[in-house]
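Within every chain, numbering begins at 1; the chains are lettered A, B, ... in the order of the sequence lines, protein sequences first and strands thereafter.
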Amino acid sequence: SQELEQSPQSLIVQEGKNLTINCTSSKTLYGLYWYKQKYGEGLIFLMMLQKGGEEKSHEKITAKLDEKKQQSSLHITASQPSHAGIYLCGAVDGGGSQGNLIFGKGTKLSVKP
Amino acid sequence: DSGVTQTPKHLITATGQRVTLRCSPRSGDLSVYWYQQSLDQGLQFLIQYYNGEERAKGNILERFSAQQFPDLHSELNLSSLELGDSALYFCASSVAPYSQNGYTFGSGTRLTVV
């Protein structure tokens, strides 16, 4: 079955700094979703990438899917305390027609004011 | 408010008991997905329904079952509960699989088994 590995597991940055979170898949990605979760709360959808080389931005967050469609990165520019939380990447399991998502274990981001 | 409603928000029950978690998907969404989130296992896919029919199964235990009703709400039944079943249970919905607008998650039900 498909597995997603996220790195780093946790990250502490100073406010204003840039940072990158990576998500690597064991199989080709047919749809890669990025979510943000505040501790103990629901997941908030950030963006979805589908095509190799695709890049999308939402406010100060940019995500990219590599050409081989096996790795995605999430980049935050000029981080703010509001960016703190757990970032999860999710992928459609093995490209199956059912579309159920599997997730990486998440990257916990803390932003120091 | 995401549009996906989960009840109850919190549930405390004893080992061996049975509970039912309820999910109302976002208006217009036909697919419902159930997930379990624990500290050590992360977010695990349990089961998916589409328009009343089971479409995919993940790491769902035999003690757990689910269904989606004609009005599209879904229920997850957990029986013979064990301490290890304590977790956050999320429901998500989408118009269809592979939705480019993402899968909308509810705020979850926190289950504590004592």
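Cluster annotation: Tyr49(B) is connected to Leu21(B) through the hydrophobic network of ILVMFWY side chains, with a link wherever side-chain heavy atoms come within less than 4.5 Å. Clustering ILVMFWY residues whenever any of their side-chain heavy atoms sit less than 4.5 angstrom apart, transitively, puts Phe64(B) in the very cluster that holds Val32(B). Under a hydrophobic-cluster definition in which Ile, Leu, Val, Met, Phe, Trp and Tyr are linked whenever side-chain heavy atoms come within less than 4.5 Å, directly or via other members, Tyr33(B) and Tyr50(B) are assigned to different clusters. Each of Trp34(B) and Ile102(A) belongs to its own hydrophobic cluster when Ile, Leu, Val, Met, Phe, Trp and Tyr are linked at side-chain heavy-atom distances under 4.5 angstrom.
With a threshold of 4.5 angstrom between heavy atoms, Gln37(B) approaches chain A through side-chain atoms but not through N, CA, C or O. Interface remark: Asn59(B) contributes no atoms to any contact with chain A (heavy atom separation under 4.5 Å).
The 12-atom threshold is exceeded at CG of Leu61(B), counting heavy atoms of other residues, nucleotides or ligands nearer than 6.0 Å. More than 12 heavy atoms of other residues, nucleotides or ligands lie within 6.0 Å of CD in Gln14(A), so this atom counts as buried by the packing criterion. Other residues, nucleotides and ligands contribute at most 12 non-hydrogen atoms within 6.0 Å of the CG atom of Leu39(B). More than 12 heavy-atom neighbours from other residues, nucleotides or ligands sit within 6.0 angstrom of CD on Glu15(A).
Of residues 32-56 of chain A, those residues lying under 4.5 Å from chain B by any heavy-atom pair are Tyr33(A), Tyr35(A), Gln37(A), Gly40(A), Glu41(A), Gly42(A), Leu43(A), Phe45(A), Met48(A), Gln50(A), Lys56(A).
A search for side chain to side chain donor-acceptor pair (under 3.5 Å) contacts involving Ser110(A) returns nothing, not counting sequence neighbours.
Across Tyr35(B), Phe45(B), Tyr103(B), a single residue satisfies ring pair (Phe, Tyr, Trp, His ring centres under 6.0 Å) together with Phe103(A), and that is Tyr35(B).
Summarising the geometry, atom CZ belonging to Phe105(B) is positioned 8.5 Å from atom CG belonging to Leu88(A); distances are rounded to the nearest 0.5 Å.
Interface check for chain A: of the options Leu88(B), Leu43(B), Ile47(B), Thr104(B), the most heavy-atom pairs under 4.5 Å are formed by Leu43(B). Comparing Ser2(B), Ser107(B), Gly42(B) by how many heavy-atom pairs each has under 4.5 Å with chain A, the most go to Ser107(B).
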